[in-house]
Structures are given as structure tokens and as C-alpha cells.
Amino acid sequence: MSEERKAWWKEAVVYQIYPRSFADSNGDGIGDLNGITAHLDYLKELGVDVIWVSPIYASPNHDNGYDISDYRAIMKEFGTMADFDRMLSEIHARGMKLVMDLVANHSSNEHQWFVESRKGRDNPYRDYYIWRDGVNGGPPNNWGSCFSGSAWEYDEASAQYYLHLFTKEQPDLNWANPKVRQSIFEMMRWWCDKGIDGFRMDVIGMIGKENFDDGPVAPGALYGDFSPSCMHTEATHRYLREMRQEVLNRYDLLTVGETSGTTENALRYENEDQSELNMVFAFEHNDGLNDGTELAKWSDHGAPLNDVRSTLNRWQLALQGKAWNTVYLGNHDQPRQVSRYGCDSELFRVKSAKMLATLIHTLRGTPYVYQGEELGMTNIYFTDISQYQDVENHNAWKQWVESGRVDAQDMLRYFARISRDNARTPMQWNTQPNAGFTTGTPWLPVNKNYLLINAEDQMKDPDSVYRYYQKLIALRHAHPVIVYGRFVPLLEDDPNVWAYQRVYAGKTLTVALNWTGRKAPCTLMDETAGQELISNYPTHQKGWLQPYEAIVKLS
Ligand code: TEU
Ligand code: CA
């Protein structure tokens with residue numbers, strides 16, 4: 001196998017900031033850019049190389065900034081362009097880089113393009129969006145939106161429907177129109193010329209709509225699946241190659257696509273010839289855990305070792321030597337990783353958070369750390385629908401509970417397990433009121449466990465989850481085998497232990513992780529020679545891995 005090509009974005013660790021929940025500098029309860037700037041030393045000390053900031057553009061916030069009304073303006077609540085410029089220069093001054101979120105499959109319905117487009121069939125911006133006539137008094141086809149309901153919204157004035165794969169306030173842009181592509185590319189160059197270092201591309205695998213045929217209807221589903229017409233189409237690949245020519249090739253960027261899909265899909269976006277993107281986010285280990293029906297996300301499904309390991313090992317092997325992986329368990333769309341994959345009870349929270357950290361920092365690929373994960377922050381476990389802010393929960397509640405299709409208590413249990421709001425509660429900085437996130441009223445409540453879990457305490461404690469992340473990140477920077485090593489799975493059938501090696505330039509890294517809260521029989525590490533690089537236990541037991549124990553050795 002050929003040796004990995006070197007690149008700064010392979011060696012980097014990325015830290016994701018969800019700005020609304022990171023740090024509020026002016027007491028309005030909403031995180032902002034000056035709040036980020038004020039905490040850059042914290043991130044520098046953690047050791048991360050790149051900050052990916054979720055959308056900070058002007059937005060009416062139907063989907064917390066993933067509905068953009070002006071791509072060249074900063075959201076009022078987050079500050080001003082001057083604040084942005086200062087944040088960027090302070091990030092660069094510390095030797096870190098900034099990746100922006102590019103949300104261009106859709107805009108906000110308040111974007112000037114859509115305001116124009118909606119004015120009528122003859123408007124010059126009509127074709128910036130996807131308008132169709134209805135069929136038999138109903139929508140143009142049977143597609144459902146990702147956030148419940150039909151993917152089509154009827155517009156009385158022009159007697160046509162427009163497409164929205166997310167909320168109706170997020171109309172899909174018409175990438176088939178060259179003017180749309182030029183407008184987006186021009187905007188991207190504008191940000192690159194300001195000095196940003198990359199893009200995380202929101203649902204980029206959906207930009208090319210191939211046709212508008214009805215989609216297959218899964219058992220129990222209310223709508224058809226748009227995927228065959230909208231996901232990973234040839235058109236999408238054409239647009240991305242054009243984007244590469246028109247924008248990406250002109251700068252030295254980190255590009256990561258949010259695409260979902262299979263390893264085969266991924267290999268088309270991210271290839272070593274770099275004709276499209278550097279890497280993509282896989283969804284299979286997260287969203288693939290459910291049973292594939294429309295209600296899928298709303299279930300009691302757990303995260304057994306066998307499912308997660310077989311999926312991630314397969315992704316490791318499929319991309320090896322051909323493309324680059326992302327490695328992540330949590331983000332702003334997923335619940336807290338320690339609650340989902342580890343154990344958030346006091347007994348095992350710290351141990352399991354460190355075990356999961358070991359996994360994401362030692363698999364092959366660029367690790368993505370989601371804010372608060374480095375503290376072992378947990379789900380919030382709301383108990384009432386009124387506590388949720390996320391539009392996804394409210395829409396699902398209407399579609400399934402208010403219609404009598406799903407029991408309210410069941411749905412609340414599913415939400416508590418998987419709702420996106422679990423990861424969106426404010427960052428826990430210290431033991432001050434509201435965990436030091438704000439002096440006002442936070443837009444989403446702070447998790448009550450902040451007296452136990454907060455940054456200030458953890459920075460003082462050499463044994464904290466934060467210090468463990470810091471050590472893992474430093475190890476990545478010190479040992480090329482962690483970045484460039486070939487992935488070799490071990491003990492693939494072990495019921496408790498996830499183990500693998502990484503091999504590079506005469507060095508071997510061996511990793512063993514007990515995925516369970518029980519002692520697990522395991523002799524691998526006893527038999528492995530070499531220096532221990534990191535572990536979440538001070539001592540080991542011969543023949544066993546202790547609950548959630550993680551050991552990494554270098555030989
Ligand atoms: O998410 C796209 C997406 O398909 C999922 O992550 C989805 O939000 C989630 O699984 C719902 O169950 C991106 C953004 O990350 C997300 O925050 C936005 O809401 C969405 O696109 C629309 O822009
Ligand atoms: Ca604020």
C-alpha cells in the first residue's frame with residue numbers, strides 16, 4: 001500500500017463551536033463572537049489546531065443559523081463583522097485556523113433571493129429556487145422533509161410549490177441554475193479572501209437534484225424518501241468539481257462535506273486526487289444505528305459495541321490508502337457522546353468519556369471534538385415537550401404525537417435519548433450562576449450538573465477529562481503513527497473489547513478499549529510490548545480490562 005500523502009488537515013484536531021451555546025459576552029443569554037474570542041486561550045491550551053464554527057451568518061434562526069438570510073453578514077445576536085475580523089485575527093495570532101460552516105443547499109426564506117423569487121413566476125430570481133406545479137391538487141411528488149411533513153410548500157400568490165428538504169423556512173437553492181452556483185462560489189471566495197481556512201459543507205450531498213420522481217415509502221412512513229433523486233447524484237459531483245475549480249483550488253483549505261451515505265458514496269467525494277473534498281462526515285455509526293423507518297430516529301435504540309465497531313472498522317478499512325476519514329461521535333445534531341456511547345452515571349462518566357476520547361483520537365482520520373465533550377458533558381434529559389427548543393422535536397411531536405400515532409411518554413423518552421438539544425445546552429465554564437455561560441437568562445437551560453462538570457475545575461485537576469483530551473492531542477502532534485498509521489483491526493469478535501493497531505514507519509500503536517461497565521477478560525495488552533502512551537487507569541489488572549478501561553501502547 002502506498003504511503004499516506006501528508007497534509008496539515010490530516011495532522012490537525014478540529015474543535016467544533018456551536019456559537020449560540022459557547023459563551024455569552026453581553027448578558028443577553030445567547031453566545032456570541034466576542035464570547036468565543038474571550039475563550040481562545042482555553043482552546044489553545046487544549047491544543048486543538050482548527051476551530052469549526054457552526055453558522056454565524058445573518059439568520060432568523062428557525063434552525064439556529066442553518067437558515068441563512070445573508071451570507072455576507074454576521075447574525076445580530078452574535079455581533080458584528082468587526083467582531084468577526086477580530087476573532088479571526090486572534091485565532092490566527094495563536095496559530096490556530098478557522099473553518100466556516102457553508103450552508104448552501106438551502107437558504108432562509110428571508111434571504112433576499114427568496115424574497116424576490118417568491119414575487120412571481122417572472123421574477124429574475126424565480127429560478128434561484130425549485131418551484132413546481134402541483135399534481136392532482138396536491139404537492140408535485142410524495143417527498144417528506146427531514147424535519148417531518150411534506151417537502152413542498154404551497155405558495156398562494158403564484159399557485160406553485162417550492163421545495164424544502166428541511167423546514168419550510170429553508171427553501172432549497174436550485175444548483176442547476178449556473179447563476180446560483182456563481183453566486184455561491186463568489187461568496188465563498190469572499191470569505192476565503194478574508195483569510196478563513198476552510199469550509200464544513202452542510203448537507204452538501206443533496207445539492208444536485210436529479211429528478212422529481214416519487215420516492216419509495218418505507219413501512220409505516222407517511223411520505224416518500226427523496227434520497228434516490230437528491231442524494232449523491234452525478235449532478236452533485238459535477239457541482240463540487242466546479243467548486244473545486246472556481247474556489248477551493250485557489251486556497252489552502254480544509255474541506256469537509258456533510259454527506260451521510262455509504263463508503264462507496266464517500267469515496268466519490270474525497271479522493272486522493274482531491275478533485276472534490278478532503279473528507280466527509282459519515283453518518284452510519286450514528287444515524288445508521290436505528291432501524292431505517294421514518295420513525296427511526298425516535299426509538300430506544302442503544303449503541304452496542306458490535307454495531308458501532310463493525311461500522312467504524314469498515315469505514316477505516318474502506319477509505320485506507322484511498323481517502324481520508326473524519327472521526328467523531330458527537331456534534332450539534334447528536335446527543336452527548338458520553339450519554340449515548342459511554343455511561344453518564346457518576347460511577348463511570350469520567351472513565352467512559354476518556355475511553356471514547358481515546359477512540360476518536362487514535363482511529364485513522366481527523367478527530368472532531370464537539371464543545372463540552374472535552375469536559376465529559378452529558379445529556380440534559382428534559383421531561384416535557386415545552387422544554388425543547390429544537391424545531392426538529394416540535395415538528396416530530398406534531399407529526400407523531402399530536403396525531404395520536406405515538407404515545408407522548410414514549411416520544412419524550414426518545415427525545416431524552418437522542419434530541420439535538422442535549423448537545424446544545426450551554427458550555428459549562430465554572431461554578432458561577434449559569435455555569436459562567438451568561439450573566440442573563442440562557443436561551444436553553446444550563447445542565448444542573450455544572451457544579452460537578454465545568455472547565456475551571458477540570459483545568460485544575462490533572463486527572464480530568466479535559467487534561468486527558470489535552471494529552472491525547474499532544475500525542476497526535478508528537479507521534480506520526482497516530483496520524484499516518486495503517487489501521488489494522490484486532491479481536492474483531494470480542495464481545496466487550498474494541499482493539500486495533502496503527503502501523504507506520506517501523507512503529508506500532510496498539511489500542512484496547514473496554515466498551516462496557518464490566519471487567520472484561522483480555523490479554524492483548526499484557527502480550528503487547530512497548531511504552532504505555534496513555535490510559536484512563538493508573539494501574540492495570542493482568543488478564544483483564546477494567547470497566548471502560550483504555551490503554552494505548554507504542555512499540
Ligand atoms: O444536518 C443535516 C442532517 O441531515 C442531520 O444531521 C439532521 O439535522 C439530523 O440528523 C436530524 O435528525 C445539517 C445540520 O448539521 C443541521 O443542524 C441542520 O439542521 C440541517 O443540516 C439543515 O441545515
Ligand atoms: Ca450574547
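We count ligands from 1, going down the list as the structure has it; atoms in each ligand are counted the same way. All values below were derived from every heavy atom in this structure, side-chain atoms included, with hydrogens, water molecules and symmetry-related copies excluded.
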Just which atoms of ligand 1 are under 4.0 Å from any heavy atom in R424? 17 (O)
Please identify which atoms of ligand 1 are closer than 4.0 Å to at least one heavy atom of R420. 8 (O), 16 (C), 17 (O), 18 (C), 19 (O)
Between W152 and R132, is there a cation-pi geometry (under 6.0 Å to ring centre, at most 45° from the normal)? no
Decide whether the shortest distance between a heavy atom of H106 and an atom of ligand 1 is less than 4.0 Å. yes
Test ring pair (Phe, Tyr, Trp, His ring centres under 6.0 Å) applied to W52 and Y15, F281, Y370, the passing residue: F281
Any R200 heavy atom less than 4.0 Å from ligand 1: yes
Can you check which of H62, Q170, E392 brings a heavy atom nearest to atom 11 (C) of ligand 1? E392
Which single N/O/S atom of D24 lies at minimum distance from the Ca ion (ligand 2)? OD1
Are more than 12 heavy atoms, taken from residues, nucleotides or ligands other than K194, located less than 6.0 Å from that residue's NZ atom? yes
Taking only heavy atoms of E258 into account, list the atoms of ligand 1 that are under 4.0 Å away from them. 1 (O), 2 (C), 3 (C), 6 (O), 13 (C), 15 (O)
Kindly confirm whether the Ca ion (ligand 2) is within less than 3.0 Å of some N/O/S atom in E77? no
Without swapping roles, check the side chain of N278 against the backbone of T255 for a donor-acceptor pair under 3.5 Å. yes
Can you check salt bridge (Lys or Arg N to Asp or Glu O under 4.0 Å) on E234 and R268, steps first, answer last? CA-CA 10 Å; E234 288 307 316; R268 295 245 1 230; 2.8 Å; yes
Considering only N, O or S atoms, which atom of D28 is nearest to the Ca ion (ligand 2)? OD1
Go through it in stages, so that I can follow the logic: the residues are D410 and R413, the test is salt bridge (Lys or Arg N to Asp or Glu O under 4.0 Å), and I'd like the CA-CA distance, side-chain angles, deciding distance and then a yes or no. CA-CA 5 Å; D410 287 341; R413 195 173 65 248; 3.0 Å; yes
Within 4.0 Å of some non-hydrogen atom of H332, the atoms of ligand 1 are 14 (C), 15 (O), 16 (C), 17 (O)
